[in-house]
2 protein chains.
Amino acid sequence: MGNARARNGGKRARVTLHEVAEEAGTSRSTASRALGGHGYVAEHIRERVRAAAERLGYVPDVSARTLKGRSSRVIGLLVSDLRNQFYAQLAAGVEQTLSAAGYQVVLVDDHGSEERAADGARAFLAMRADGVLLAPVGRPATEVLVEHGTPVVEVDRRSGVRGCDAVAIDSESGSRAAVEHLLELGHRKIAVVVDETKWATGKDRLKGYRAALREAGVPYSRRRVLDLGLRLGPRPGTDDEDDAGGTGAEDGTGGPDDMADTYSGDPGDGGRDPAGAVAALLDADPDVTAVFAANNVVAELVWQVLKQRGAAVPEDYSVVSFDDQTWMRMVEPKLTAVRQPVYDMGRRAAALLLERTGGGPSRSQSHILQPELVVRGSTAPPARG
Amino acid sequence: MGNARARNGGKRARVTLHEVAEEAGTSRSTASRALGGHGYVAEHIRERVRAAAERLGYVPDVSARTLKGRSSRVIGLLVSDLRNQFYAQLAAGVEQTLSAAGYQVVLVDDHGSEERAADGARAFLAMRADGVLLAPVGRPATEVLVEHGTPVVEVDRRSGVRGCDAVAIDSESGSRAAVEHLLELGHRKIAVVVDETKWATGKDRLKGYRAALREAGVPYSRRRVLDLGLRLGPRPGTDDEDDAGGTGAEDGTGGPDDMADTYSGDPGDGGRDPAGAVAALLDADPDVTAVFAANNVVAELVWQVLKQRGAAVPEDYSVVSFDDQTWMRMVEPKLTAVRQPVYDMGRRAAALLLERTGGGPSRSQSHILQPELVVRGSTAPPARG
DNA sequence: CTGTTAGCGCTTTCAG
DNA sequence: CTGAAAGCGCTAACAG
């Protein structure tokens, strides 16, 4: 164990390699080799050095080591809200594989602010992080990092910045599966509530929703789409009616902005009141028999609004969530949900980053994981409509 | 913005202060002063250096800075399970105040292993962390850190190691409030399920339970106490009956091990099956009308076991949880719970650590936060018994 | 006000 | 196999 530097009040003056060497009666270089396990060192010397280090409670200084040129053994992790279970699980997965590989995880929570994200990125650079994992944040952070040649893996999102890897869920197909399930049950007026549609994740979920409708020949209506997020601005005037499936020019292949016409102007809510917006959505279209919540936060909101207005699930409304969290298995009825292997996603992303960090610069790759629809009690054939 | 080092393939050879100085036509020290904002530098020079730095995409190297003697601006955070919302919230709070103060958070999740905790502690030392926050983990980690003179704040637990601060919830009084509430409703046979009783947290919760019973003159029975945790070993033979309140020598003041006699030998379950153990507890004493779950994990378990056996809440069993998590507000009926300000606890702990880090060595202090009982639908007067 | 000089603690040639 | 020497990038005296 080595009871270390109990003397001296405990503070000040860490034990340095110099002192260890002295204690062992060798030079610093030899001590370094002995401890580091590199190069040739006589076995008995090695032992003596080890003993000395132990006795003195020596802990190598990573700053010095890093400065000298080796890697920092630090990986940055940027998430947008640790209080959201999704990110917490992600972080847990990341930490797990990284620490097993001998890396330290520096955590930054940007609380959804691009500015803080960029600051975090800068901090990672300053620490000479060997790589960075980025969960949903703005482009700037990614850009700074990539620009400086730091390996980056984006998780659960693709910013579109060139030169970084990504690990993500296939949002479109997950979302499509969810909506198909609803359609198969006989639902036709299906509302969708989404957090944001600025990034690929939200866009894709909406895309999957539309695709499912289109394939089933069910008309799509913007009135049933609620984008809670920081939208790019409500598009004026166009609060139109049902337009048949194939109408738009968009399809699965479209460019980055082909979903632009899906942003819903807020139909009645004061603006900054999500619960109110959901209620308004439901009020505006009494024919809606099912709600698809595009992530766990939104699902929570929908669930609460439904409970609050005394709506029965699945009798009055079927509900499906994208992302399967604890509470969804605790409530009655349990929620049908698109389960994403979040923890594993974290692990995968970390592993990918490590690979990238170690190996040379190969071409960037994306791992797309398939989600799985778990059918539970919150979905049933429509009782009305 | 500074488009930085787009040349050169992006990798290798970070921009150093030396290059910035060269670009600005000054010496490194002047450049350092200009950027750091210390000492005297002519305004126009300062501007020129700043511009150069910007142009080159200079990012200072913290290793060098740290090595030179300044602080690392790194704080270590050790939690035992990030997937547990409790710790995730704690971490979020910690990160929040720390990053606001310009510190970087290095996160380690020990998954309940003392060994990994100790390794994490060692890593923090190696990084010359300015301080460390420890959420439930074994003593060794705390000891190593304190021994080396690193400021430590323990969160939600007190290891008993001298020389570190602590921020915790008053588990005993919270727990007492929960049980008193049950008693007031008329419950007499109240089961308690606890995660562990090795550490202060679990011990105190049990203590509060006993105290409430004693004060109400309600007999205490070991049969209604289930310790799921890594117990210190089941005590042989003594699976006895109700013993009146004041019987034991224990009271609120006791030494560290005065709860030793409350560890329940497992009455019927295979040993490693928590759900089975809860079920067995309920089966063993049909008179039980209420269950007190000593933390969110246990509450989840209890809730599921109850649902599974078709028991109605609160008709068949009243349920109270220590710790109020999302799902408890989503289920029907909503759970009565002892709410702890977890996020704030994280913030407080971080603030305390910063204080300690900055100021000199004052005497160690503990902040004990008061929890609050939130009464909801899961508790009602007993329908039987 | 600015440049020169010394290292911080460690690893790594390069001789011995 | 071991030691001496040279820095990694930065800052902090201390002279100019």
Side-chain angles (χ1 to χ4, degrees), chain A residues 5 12-50 52-53 56-74 122-123 125-130 148, chain B residues 5 12-50 52-53 56-74 122-123 125-130 148:
Chain A
R5 33 195 342 297
R12 229 15 317 155
R14 311 261 186 192
V15 177
T16 107
L17 190 57
H18 179 73
E19 307 178 50
V20 174
E22 213 162 45
E23 173 94 6
T26 54
S27 68
R28 286 171 336 182
S29 12
T30 302
S32 171
R33 281 185 296 248
L35 262 19
H38 319 297
Y40 301 107
V41 181
E43 193 46 50
H44 68 284
I45 297 272
R46 185 189 306 278
E47 217 28 75
R48 209 179 334 143
V49 173
R50 275 212 241 276
L56 265 32
Y58 171 70
V59 179
D61 186 318
V62 287
S63 316
R65 216 204 292 268
T66 301
L67 184 56
K68 184 59 192 172
R70 295 173 96 290
S71 100
S72 61
R73 301 246 99 189
V74 156
R122 222 121 37 207
L125 286 174
M127 296 180 85
R128 301 302 183 248
D130 294 342
H148 282 258
Chain B
R5 32 195 345 295
R12 233 5 328 145
R14 311 261 185 194
V15 178
T16 104
L17 190 57
H18 179 72
E19 308 178 48
V20 174
E22 214 162 45
E23 174 93 5
T26 54
S27 70
R28 289 172 335 190
S29 18
T30 303
S32 172
R33 279 185 297 246
L35 263 18
H38 318 298
Y40 300 106
V41 183
E43 193 46 50
H44 67 285
I45 297 270
R46 184 190 306 276
E47 217 28 76
R48 195 157 11 119
V49 174
R50 273 211 241 275
L56 265 31
Y58 170 71
V59 179
D61 186 317
V62 287
S63 315
R65 216 203 291 267
T66 300
L67 184 55
K68 182 59 190 174
R70 294 174 98 290
S71 101
S72 61
R73 300 246 102 190
V74 156
R122 223 120 37 205
L125 286 173
M127 297 180 85
R128 300 303 184 248
D130 293 342
H148 282 258

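Computed from a predicted model, the values in this text were never measured in an experiment.
- Listed by chain and number, the residues in a side-chain hydrogen bond (donor to acceptor under 3.5 Å, both in side chains) with S27(A) are S29(A), T30(A) (sequence neighbours excluded).
- Contact between R46(B) and V41(B) at its shortest, heavy atoms only, is NH2-O, 3.7 Å.
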Distances for protein N/O vs nucleotides 8-10 of chain D N/O pairs under 3.5 angstrom?
unit_1  : atom_1 : unit_2 : atom_2 : d
dC8(D)  : O2     : K68(A) : N      : 3.3
dG9(D)  : N2     : A64(B) : O      : 3.3
dC10(D) : OP1    : Y58(B) : OH     : 2.5
dC10(D) : OP1    : D61(B) : N      : 3.4
dC10(D) : OP2    : L17(B) : N      : 2.4
dC10(D) : N4     : R28(B) : NH2    : 3.2

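- S63(B) approaches L67(A) most closely through the heavy-atom pair CB-N, 4.2 Å.
- The separation between Y40(A) atom OH and dC14(C) atom C1' is 15 Å, rounded to whole Å.
- Within the 4.5 Å cutoff, the side chain of L56(A) has heavy atoms near those of the E23(A) side chain.
- Minimum interatomic distance between L17(A) and Y58(A) (heavy atoms only, all atoms of both residues): N-CE1, 3.5 Å.
- In this structure a side-chain-to-backbone donor-acceptor pair under 3.5 Å is missing from R28(B) to H18(B).
- Rounded to whole angstrom, the span from the CZ atom of R73(A) across to the P atom of dC10(C) amounts to 18 Å.
- Counting all heavy atoms, side chain and backbone alike, D130(B) lies closest to R73(B) at OD2-N, 3.0 Å.
- Between the CZ atom of R46(B) and the P atom of dC1(C) there is a distance of 10 Å, rounded to whole Å.
- Dashed line: the shortest gap from a side-chain N or O of S27(A) to OP1 or OP2 of dG3(D) is under 4.0 Å.
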Table of protein N/O atoms under 3.5 Å from nucleotides 13-16 of chain D N/O atoms:
none

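- Between D61(A) and R128(B) there is a side-chain heavy-atom pair separated by less than 4.5 Å.
- Contacts of T66(B) with the nucleic acid, taken as non-hydrogen atoms under 4.0 Å apart, are absent.
- Look at CD on E22(A): it is 13 Å from P on dG9(C), rounded to the nearest Å.
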